[in-house]
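Notes to accompany the following structure.
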Amino acid sequence: MSTPASLTASYASSTTTQTFALALPSPPTADSVTEKTAFICSVRSHVSQMQDDINGFLTEKMEEDKLQEAVASLDSAGLQRKKKASQRDEKREEEMYGEEDVGEE
């Protein structure tokens with residue numbers, strides 16, 4: 001008894017892993033050209049389906065990565081603005097040291 005054939009692909013990154021698998025039809029037992037052609041067509045169809053599944057997954061991952069980069073960029077820009085504002089406040093405090101700040105009343 002033979003093990004059913006399957007088509008598998010694995011994806012691994014530092015943050016996720018994904019396995020894709022499709023069961024393949026049994027290969028033809030006869031030497032019929034028609035059966036062999038049908039089998040090869042079926043395998044090709046399964047390969048195309050797997051490519052579509054993988055492409056969909058990778059497109060989704062790319063969109064997630066873009067979103068994470070955008071959030072990180074916004075966070076970084078916000079931190080830089082806060083740092084500059086803090087530096088301006090600190091400089092103003094140094095310039096105003098010992099003087100009364102009329103703008104705070």
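Values below: all heavy atoms of this structure, side chains included; hydrogens, waters and symmetry mates excluded.
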Separation between CD (E69) and CE (M62), nearest 0.5 Å, reads 10.5 Å
Nearest-0.5 Å distance that lies between atom OG in S45 and atom CG in L24:
10.0 Å
Is the backbone of N55 close enough, under 3.5 Å, to the side chain of T59 for a donor and an acceptor to pair up by distance?
yes
Salt bridge (charged side-chain N to carboxylate O under 4.0 Å, His left out) against E64, all qualifying residues, sequence neighbours excluded:
K61
Contacts satisfying ring-ring contact (aromatic ring centres under 6.0 Å, His included) that involve residues 18-43 (not counting sequence neighbours) are F20-F57
Sequence-distant partners of Q49, side-chain hydrogen bond (donor to acceptor under 3.5 Å, both in side chains), two or more places apart:
D53
Closest approach of A9 and M50, non-hydrogen atoms and distance?
CB-SD, 3.8 Å
Keeping H46 on the side-chain end and L7 on the backbone end, is there a donor-acceptor pair under 3.5 Å?
no
With sequence neighbours excluded, give me every side chain to side chain donor-acceptor pair (under 3.5 Å) pair touching residues 14-31.
S13-T15
Donor-acceptor contact present, side-chain T37 to main-chain V33, <3.5 Å:
yes
Under the salt bridge (charged side-chain N to carboxylate O under 4.0 Å, His left out) test, residues paired with E60 that sit two or more places apart:
none
Is the shortest heavy-atom distance from the side chain of S48 to the side chain of R44 under 4.5 Å?
yes
With sequence neighbours excluded, tell me which residues meet side-chain hydrogen bond (donor to acceptor under 3.5 Å, both in side chains) with T34.
none
